[in-house]
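What follows is one structure encoded as structure tokens, with my remarks underneath.
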2 protein chains.
Amino acid sequence: MAERLIYLPLGGAGEIGMNAYVYGYGEPGRERLIVVDLGVTFGDMDSAPGIDLIMADVAWLEANRDRIEAIFITHGHEDHVGALGLLWPKIQKPIHCRRFTGALARLKMEELGQPAEHIHIHAPRPEVIQAGPFQVQFVPISHSIPESSALIIDTPAGRIVHTGDFKLDGTPVVGEAFDPVMWHEIANEGQGIKVLTCDSTNVFVKHPGRSEAVLADPLREFIAGQNQMVVATTFASNIARLRTLAEAAIASGRQICLLGRAMRRMVTVGIETGILTNFPPVISPEDAAEMPRDKVMLIVTGSQGERRAASAQLSRGRYLGIELKEGDSFLFSSRTIPGNERGVIRIQNSLSELGVDLFDADDGLYHVSGHANRPDIEAVHDLLKPQIVIPMHGEHMHLREHAKLAEAKGIPAAIATNGTMLELSGEKPRVVDRIDTGRLYLDGNVLIGAMDGVVRDRIRMALNGHALVTVIVDEDDRPIPDAWVELSGLPERGRAGVPLADNIEGELAEFLDRADDRTVMNDDRLEEAIRKITRQVSMEEIGKKPEVTVMISRLAAE
Amino acid sequence: MAERLIYLPLGGAGEIGMNAYVYGYGEPGRERLIVVDLGVTFGDMDSAPGIDLIMADVAWLEANRDRIEAIFITHGHEDHVGALGLLWPKIQKPIHCRRFTGALARLKMEELGQPAEHIHIHAPRPEVIQAGPFQVQFVPISHSIPESSALIIDTPAGRIVHTGDFKLDGTPVVGEAFDPVMWHEIANEGQGIKVLTCDSTNVFVKHPGRSEAVLADPLREFIAGQNQMVVATTFASNIARLRTLAEAAIASGRQICLLGRAMRRMVTVGIETGILTNFPPVISPEDAAEMPRDKVMLIVTGSQGERRAASAQLSRGRYLGIELKEGDSFLFSSRTIPGNERGVIRIQNSLSELGVDLFDADDGLYHVSGHANRPDIEAVHDLLKPQIVIPMHGEHMHLREHAKLAEAKGIPAAIATNGTMLELSGEKPRVVDRIDTGRLYLDGNVLIGAMDGVVRDRIRMALNGHALVTVIVDEDDRPIPDAWVELSGLPERGRAGVPLADNIEGELAEFLDRADDRTVMNDDRLEEAIRKITRQVSMEEIGKKPEVTVMISRLAAE
């Protein structure tokens, strides 16, 4: 059978977050595979209460492990590398990345007790990594974390450019600038670019993206204009922003103090890997608390309203000896990711109650995005002249809009959401398979399937409350009529004014007293009858039907 | 003792939603009271899972019921009238409002079986309603629902203007325009305005608000430019927008069809009360399904992503015989209220999967706000020249910003959040009391207190899962060692690979076998020991501690 080139997103296509992409080349069903990125996304109360991390279900990769050549990580953001330590045991193949990303990947592996020696560090293009039928190069590309890379994936069927996350930034403050000359060269080597797999996050943003460098002046002016303590929050991994903020503070005669474990870790990794040079000296929280308030600036984690991050801690009162006060200034040098608004507003209100003045990035003065906007995406289409565009990293609406953009230029495109296998060998992309895919949840320290029912049950308990009923069937196979009801997350009293539990117990006692042997002797039947009565009484009393767990104890005749 | 004028917000101050304000005049502690608005807010999974409606806890009003003269409702939005039927039984005083608001208030009362004859309908100023020491007038003011009114509340201590929700709209399409001449007159009658209690929602929006009328042309052009079915969603109560949308559709040769109970009801009430005249004829969903796709426009509920609203139903497939298809257009003529983003994105993605093109109001082309922006608020300060400004209707940060705005002009202001009683008799507002206040939750058909623990337990079960343990103590006061464990919302297996429930049961059996009489004979002690073991085993096995309910059955010796 003819060999073919395939693309299979397992995460990140039809959603923003938890990126995981697969390319394959070979005979159908026997393609040799590489994996690009293994990221996470975060749970929320609406869809995944109690879940710490969410990632792609890689069961398909696990089942085809012997076909996998390697894993490539484009950059160090959580949604690209965060699942590495958790999913590596299912894949167990070499991991390739650049140095800074590698340092973060190492932490991900070590945290989970996985062998970090499988991480291989590479220089960017022109170094070529051979992985089965694929020759892969890391190509520097600008984004909001250093050493972000696109991948050139050369295959017998042609060249793929997998952009990873990117923006077009000629002056990114930290890290490598977008280099149009190099990309022009890449587009014009050999047969040119067959497939462009391209970031879609900002496809709806109509203006061209702005450089990180434009923030320096506004931030300096902002900080210089404040006369009490200044706090700025941003993404810990945005090292360029940390530098811009720190330098603006120093220029305004302030010392800087970093709060939040993720931020301190990121700066340490930045310095250790040589990414971050000449970062201004930082002072400890103890020293910051002692300094005159107009001589210090805190740079803190928690721009998304995370409950345990430094910004939330500060908003609730004293944190590490530092207390915010009337007249202090708090700057969100970040964008609120859709879905995080409630958390951010909660912190903003708490800060407001302390008398702290709030400044945010909504007007674009104090934040620029790390993703290519619509005109930038078009510029990349024009520069790289791919034969095929595959939109990736986006909600369905982003992928669709990006595909329309490419098609309007006459470039064939396909919307491939998670689990959709495309063949890319021909002139146009073609759907050749649908893989059963899904999400894995990290719950405590256990990985569970999103469809296992665990989270469904939690959501139901949260919405409906939980009624527990214990029934004992005695040695003579007669139920003891004193059923016992405990309610969790349910109103104590309903319409009748008496305790709801008493009311249910009363109805159950009547039922148990009269129940026939056929029901009593059959666990399922007895349980179902008890559940029904419990839900019925609740509906009458409080207007809703709780989840019901029935526990039937049968006493053994001795 | 000298008489005094007081202001006490019970809801809506320190939050957006569930408005409920109290004014009082008289001797301290014996002031005669009026209530302004009784609104709701909506629950979300983060803070109130399973809760349908949230409203102010009016326990203070209930305890002081004999001091209350009347209830005034400014306008018909849910966050101003939605709690009327639920809270009226605790207050039981006359309700005053204008006709359209009254029709909606009547529905709120009747739904809960409350006596609607307590609703009194009034003409706007110059009609004066006497309520104890207060003379109240309804003053037309523009907002996003017809017949919105500010209140003039004349008291022996001076004139209060309570704006309700408002914007400055000279051409509001439906309903009364903002009338600066009348407001100038109001400001200059007698002693002028002592207190301005003023909407703060949009205080952070820097540009002047725009009129509803500016949308007509863009909407007409938008609709004319689509060549398949068009769907537009907006707030059901925004009757002006419904008219603008409907007229734009008709002008483009389309018939209109309204989907969603709230929207049809609002139009009916609008027509019945004479607010809405000459509304274009609407066709049924059955007829809409039969029409050529480019000859029909649906106007639907669900702009906030509500799961059961028409927009969500349409996004999931066929609804009332209508099915959206590739090339149809869906317009959000609305703003996403912060916190609702997840729901809105979910619907947008589902629509995108159907091939529907999305258009939203982010660029301001297809939506204008119903609230006064910062320059508008300033204009009202300037026009009304109050001696005191009390910011209301806003998160804490909005109230604070609004207070700063007033103070910058030399007008004394106070941030009074829910439960803060201000005395307004002097030159400056003064905090004189803090009332224990809070929130009531409507759960099913029961009102529970936010602090009752019901919702706390639900959130805990959702985050941590729920382990149920049944233990039986026999007639000889010895526990039967076969404890039984059922898990809800917990992973089936943990680290050991065996079922978690089995593992816990094993540990409990060992414990019960050895437990001393002192523990066994004491329910609390036995329960605590069982809970501890259950949580410990879970922590070891799955890395998290579940909620635990222990049910101990003691068999009576016969």
Side-chain angles (χ1 to χ4, degrees), chain A residues 14 44-47 49-50 338-339 341-343 345 348-353 355 358 395-397 399-400 443-446 448 452 454-455 457-466 468 470 472 480 482 484 486 488-495 538-539 541-544 547 549 551 553 555, chain B residues 14 44-47 49-50 338-339 341-343 345 348-353 355 358 395-397 399-400 443-446 448 452 454-455 457-466 468 470 472 480 482 484 486 488-495 538-539 541-544 547 549 551 553 555:
Chain A
D44 61 52
M45 271 297 277
D46 293 87
S47 57
E341 289 80 2
R342 290 175 202 156
I345 290 173
Q348 290 178 333
N349 275 322
S350 300
L351 289 168
S352 179
E353 284 168 29
L358 297 167
E395 309 269 3
H396 190 282
M397 55 186 159
L399 304 185
R400 184 162 179 270
D443 186 35
N445 55 30
V446 180
I448 57 176
D452 285 2
V454 172
V455 161
D457 287 351
R458 285 190 194 162
I459 291 173
R460 287 183 182 168
M461 289 191 291
L463 293 175
N464 308 325
H466 197 185
L468 324 173
T470 289
I472 300 174
I480 298 174
D482 299 340
W484 187 11
E486 284 262 347
S488 291
L490 284 164
E492 201 193 328
R493 282 158 206 276
R495 195 182 295 262
S538 300
M539 191 66 202
E541 284 296 304
I542 61 168
K544 66 194 289 176
E547 301 306 298
T549 297
M551 300 173 85
S553 299
L555 300 180
Chain B
D44 61 53
M45 270 298 277
D46 292 271
S47 58
E341 288 80 1
R342 289 176 203 156
I345 290 173
Q348 290 179 333
N349 275 322
S350 299
L351 290 168
S352 179
E353 284 168 29
L358 298 166
E395 308 271 1
H396 190 281
M397 55 186 161
L399 305 184
R400 183 162 180 269
D443 186 35
N445 56 30
V446 181
I448 56 177
D452 286 1
V454 172
V455 161
D457 288 350
R458 283 188 197 165
I459 291 174
R460 286 182 181 168
M461 289 190 291
L463 293 175
N464 308 325
H466 197 185
L468 324 173
T470 289
I472 300 173
I480 298 174
D482 299 340
W484 186 11
E486 284 263 347
S488 290
L490 284 164
E492 202 192 327
R493 282 156 206 277
R495 196 183 294 263
S538 300
M539 190 65 201
E541 284 296 305
I542 61 167
K544 66 193 291 175
E547 301 305 298
T549 297
M551 302 175 83
S553 300
L555 299 181

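Chain naming here is simple, since letters A, B, ... match the order of the sequence lines and numbering starts at 1 in each.
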At a heavy-atom distance under 4.5 Å, which candidate from [options] has the highest pair count against chain A?
| options | answer |
| --- | --- |
| L490(B), D457(B), L399(B), D482(B) | L490(B) |
| S538(B), G444(B), G494(B) | G444(B) |
| G14(B), S47(B), G355(B) | G355(B) |
| E486(B), H466(B), M551(B), R495(B) | M551(B) |
| P338(B), S553(B), P491(B) | P491(B) |
| T549(B), I345(B), D44(B) | D44(B) |

Practice problem: List the steps, then state whether side chain to side chain contact (heavy atoms under 4.5 Å, CB included) holds for R400(A) with L358(B). | Solution: CA-CA 11 Å; R400(A) 184 162 179 270; L358(B) 298 166; over 6 Å; no
Quiz prompt | Winner by heavy-atom pair count (cut-off under 4.5 Å) against chain B, out of L463(A), I459(A), N349(A) | solution = N349(A)
Which heavy atom of [X] sits nearest a heavy atom of [Y], and at what distance?
| X | Y | answer |
| --- | --- | --- |
| M461(A) | R458(B) | O-CG, 3.9 Å |
| E541(A) | N445(B) | O-OD1, 3.7 Å |
| A462(B) | M45(A) | CB-CE, 4.2 Å |

Quiz item: Can you check side chain to side chain contact (heavy atoms under 4.5 Å, CB included) on I480(A) and L555(B), steps first, answer last?
Solution: CA-CA 9 Å; I480(A) 298 174; L555(B) 299 181; 3.7 Å; yes
Exercise. Run the numbers on V446(B) and R493(A) for side chain to side chain contact (heavy atoms under 4.5 Å, CB included), then give the verdict.
Key: CA-CA 8 Å; V446(B) 181; R493(A) 282 158 206 276; over 6 Å; no
Practice problem: Calculate, to the nearest 0.5 Å, the distance between atoms CD and CE belonging to Q348(A) and M397(B) respectively. | Solution: 4.5 Å
Quiz item: Can L351(A) and H396(B) be said to form a side chain to side chain contact (heavy atoms under 4.5 Å, CB included), step by step?
Solution: CA-CA 9 Å; L351(A) 289 168; H396(B) 190 281; over 6 Å; no
Self-check item: Interface moiety of I542(B) toward chain A, non-hydrogen atoms closer than 4.5 Å
Solution: both
Exercise. Return the set of residues passing side-chain contact (heavy atoms from CB on, under 4.5 Å) with D452(B) (not counting sequence neighbours), or none when no residue passes.
Key: I448(B), V454(B)
Practice problem: Identify, with sequence neighbours excluded, every residue that meets side-chain contact (heavy atoms from CB on, under 4.5 Å) alongside N464(A). | Solution: R460(A), E547(A)
